[in-house]
Amino acid sequence: MMTYDVKLQKHDNVAEGTMAFHFEKPSGFTFKPGQALDVILPGLEAGDAQNARHTFSIVSAPAQSDLVIATRMRDSVFKNALKALPAGSVVKLEGPFGSLTLHNNRARAAVFIAGGIGITPFMSILKQAGNDKLPQSLTLLYANRRPEDAAFLAELQQLEQQNAHFRLIGVMAQMEKSSMPWKGETGLIDGDLIKRAIAGLQSPIYYLVGPPAMVEAMRTTLNQIGVDDDDIRTEEFYGY
Ligand SMILES: Cc1cc2nc3c(=O)[nH]c(=O)nc-3n(C[C@H](O)[C@H](O)[C@H](O)COP(=O)(O)OP(=O)(O)OC[C@H]3O[C@@H](n4cnc5c(N)ncnc54)[C@H](O)[C@@H]3O)c2cc1C
């Protein structure tokens, strides 16, 4: 695995409490949508090594010229240091790695289930699928508390408009605390919702990404509606 010195280009807010960080893409850096990388902040390396390095899924598609990650901004040593970096600062990126990539059998549908920031690897997969005009059925169940908290929601809605094979099902758990309009699903993702979402899909493969507790709960729900573990792929975001 390679380590690269790259410049931070910019950061921006992509939802309440969630920021995206855009880095230069080093020449020769190739990755598959769904893969991750480590961000190492040189300013922290002299201290606790765990604080200097964090893993993030790549949000951008390989077709894009920059490398983008996104994260919930918490009051941690790493995230405070990342947020404080001015544009032009140099950080280290190590990667790519990970095998949460889209299956090759295009006849089988993909069902992505994301909780909150677990959306990141699916963004890369969905953007690249749109770019490649992939004729593969892709369904995303995207759970958040409110639309305000849902990173990349507008971009996902736009991707759905542009790709007839992609269906977005947003699910909001706490609309009573929202001041935004929402016409989609409310509550939690449960077996009934998943059964409605997969009606008519051909032999789906399921992808679960999010905090470990959410991934485990979703796996149990899928098993309860008869989905075999062989058809479930997961990525757990340790640290949440
Ligand atoms: C493959 C993968 C992809 C990820 N993608 C994203 C992403 O796209 N966006 C995002 O926000 N987060 C992602 N994460 C989680 C991310 O690496 C951080 O752990 C998380 O953001 C919490 O960091 P923090 O600075 O808020 O908390 P911290 O205070 O730094 O960490 C909280 C606790 O978790 C522990 N911890 C941190 N990282 C790990 C780890 N990798 N394994 C085991 N324990 C750990 C720490 O030791 C600490 O006890 C991903 C993790 C993995 C493994």
Side-chain angles (χ1 to χ4, degrees), residues 1-3 6 8 10-23 25 29 31-62 64 66-85 89 91-102 112-128 140-145 148-153 155-156 206-216 218-219 232-240:
M1 208 171 353
M2 297 274 289
T3 305
V6 301
L8 174 70
K10 63 172 182 173
H11 51 64
D12 47 23
N13 292 315
V14 290
E16 265 186 40
T18 306
M19 294 181 80
F21 294 84
H22 298 244
F23 300 100
K25 183 153 75 172
F29 186 94
F31 67 99
K32 287 185 174 173
Q35 286 195 298
L37 47 70
D38 275 358
V39 177
I40 303 150
L41 302 182
L44 296 180
E45 275 186 303
D48 176 3
Q50 174 71 42
N51 278 335
R53 174 190 293 261
H54 274 46
T55 304
F56 297 98
S57 299
I58 303 170
V59 167
S60 44
Q64 284 177 238
D66 54 356
L67 275 176
V68 184
I69 61 151
T71 187
R72 289 273 193 248
M73 297 313 295
R74 301 199 311 193
D75 187 18
S76 73
V77 174
F78 181 92
K79 289 179 181 173
N80 288 335
L82 181 64
K83 190 179 176 184
L85 287 180
S89 301
V91 307
K92 288 182 183 159
L93 299 185
E94 193 173 292
F97 52 85
S99 54
L100 193 92
T101 54
L102 190 59
F112 308 118
I113 303 181
I117 195 62
I119 191 63
T120 47
F122 300 143
M123 286 307 295
S124 183
I125 292 172
L126 289 165
K127 284 195 275 191
Q128 192 66 32
L140 169 66
L141 288 133
Y142 184 23
N144 281 276
R145 285 181 300 137
E148 288 90 329
D149 307 306
F152 307 112
L153 186 57
E155 196 173 346
L156 285 164
Y206 299 81
Y207 296 78
L208 311 178
V209 178
M214 178 266 171
V215 168
E216 212 32 60
M218 278 300 119
R219 179 191 286 281
I232 303 175
R233 301 182 185 181
T234 63
E235 185 117 283
E236 298 183 2
F237 282 6
Y238 294 102
Y240 283 108

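The first residue in the sequence is number 1, and the count goes up from there. Atoms within a ligand are numbered from 1 in the order they appear, just like the ligands themselves.
At a threshold of 4.5 Å between non-hydrogen side-chain atoms, the residues Ile119 and Leu156 count as touching. Put simply, the side chain of Lys127 reaches to within 4.5 Å of the side chain of Val59, judged on heavy atoms.
Qualifying salt bridge (charged side-chain N to carboxylate O under 4.0 Å, His left out) partners for Arg74, counting only residues two or more places apart in sequence or in other chains: none. Under the side-chain hydrogen bond (donor to acceptor under 3.5 Å, both in side chains) criterion, Lys25 pairs with no residue at all, not counting sequence neighbours.
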N/O donor-acceptor pairs under 3.5 Å from side chains in residues 233-240, not counting sequence neighbours:
from   : atom 1 : to     : atom 2 : distance (Å)
Arg233 : NH1    : Tyr207 : OH     : 3.4
Glu236 : OE1    : Tyr238 : OH     : 3.0
Tyr240 : OH     : Thr71  : OG1    : 3.3
Tyr240 : OH     : Lys79  : NZ     : 2.9

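Residues with a heavy atom under 4.0 Å from ligand 1: Gln50, His54, Thr55, Phe56, Ser57, Ala70, Thr71, Arg72, Arg74, Ser76, Lys79, Ile117, Thr120, Glu235, Glu236, Phe237, Tyr238, Gly239, Tyr240.
Using a distance-only test at 3.5 Å, with no hydrogens or angles considered, no donor-acceptor pair links the side chain of Thr18 to the main chain of Arg72.
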